[in-house]
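Computed from a predicted model, the values in this text were never measured in an experiment.
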Amino acid sequence: LRIYPNPVSDVLTIEKQDGEKVLLSLFSMCGKKQFSKVVILPYRMQMQQYPAGIYLLQVSNGNMLDVKRIVKW
């Protein structure tokens, strides 16, 4: 799983196997869900609307669950 750039200001790219369907969920550090959507990879996530801070990005496809820390500046 590749997620870049990190830190991010505008657009976050999530890559793994092309064409793979995953559930993306973005959480603030206090646990509030900011975004959740089923997408097909690669996916470019717009981050402009979120305030600067640290977020957790959860990526799951039923067989795997991966959580990455994302820094938004």
Side-chain angles (χ1 to χ4, degrees):
L1 182 65
R2 280 188 63 206
I3 298 173
Y4 62 91
N6 193 9
V8 62
S9 61
D10 295 326
V11 178
L12 185 68
T13 300
I14 300 105
E15 294 180 341
K16 194 173 181 218
Q17 182 177 348
D18 283 357
E20 183 175 357
K21 187 186 290 188
V22 298
L23 173 62
L24 291 181
S25 299
L26 184 71
F27 297 89
S28 68
M29 288 305 287
C30 62
K32 184 177 178 187
K33 188 181 287 187
Q34 305 292 315
F35 172 89
S36 187
K37 184 176 181 179
V38 174
V39 301
I40 296 176
L41 299 181
Y43 184 74
R44 293 172 51 87
M45 185 174 177
Q46 302 300 315
M47 296 291 292
Q48 298 94 331
Q49 69 268 27
Y50 302 110
I54 299 173
Y55 296 85
L56 295 177
L57 180 67
Q58 180 178 303
V59 182
S60 62
N61 70 358
N63 297 326
M64 75 91 186
L65 172 66
D66 205 350
V67 179
K68 300 289 186 187
R69 186 180 67 180
I70 305 299
V71 177
K72 166 69 166 77
W73 58 277

Hydrophobic cluster partners of L65 (side-chain heavy atoms under 4.5 Å): none
Shared-cluster residues of F35, by chain and number - hydrophobic side chains joined below 4.5 Å: L1, I3, V8, L12, I14, V22, L24, L26, V39, L41, Y43, M45, M47, Y50, Y55, L57, V59, M64, I70
Residues forming a salt bridge (charged side-chain N to carboxylate O under 4.0 Å, His left out) with K68, sequence neighbours excluded: D66
Verify same cluster id: I54, V67 (apolar side-chain graph, 4.5 Å): yes
Pairs satisfying salt bridge (charged side-chain N to carboxylate O under 4.0 Å, His left out), at least one member in residues 23-46, at least two apart: none
Side chain to side chain donor-acceptor pair (under 3.5 Å) partners of Q58, counting only residues at least two apart: none
Sequence-distant partners of Q49, side chain to side chain donor-acceptor pair (under 3.5 Å), two or more places apart: none
Of all pairs that satisfy side-chain hydrogen bond (donor to acceptor under 3.5 Å, both in side chains), the ones with a partner from residues 7-29, not counting sequence neighbours: R2-E15, Y4-E15, E20-N61, S25-S36
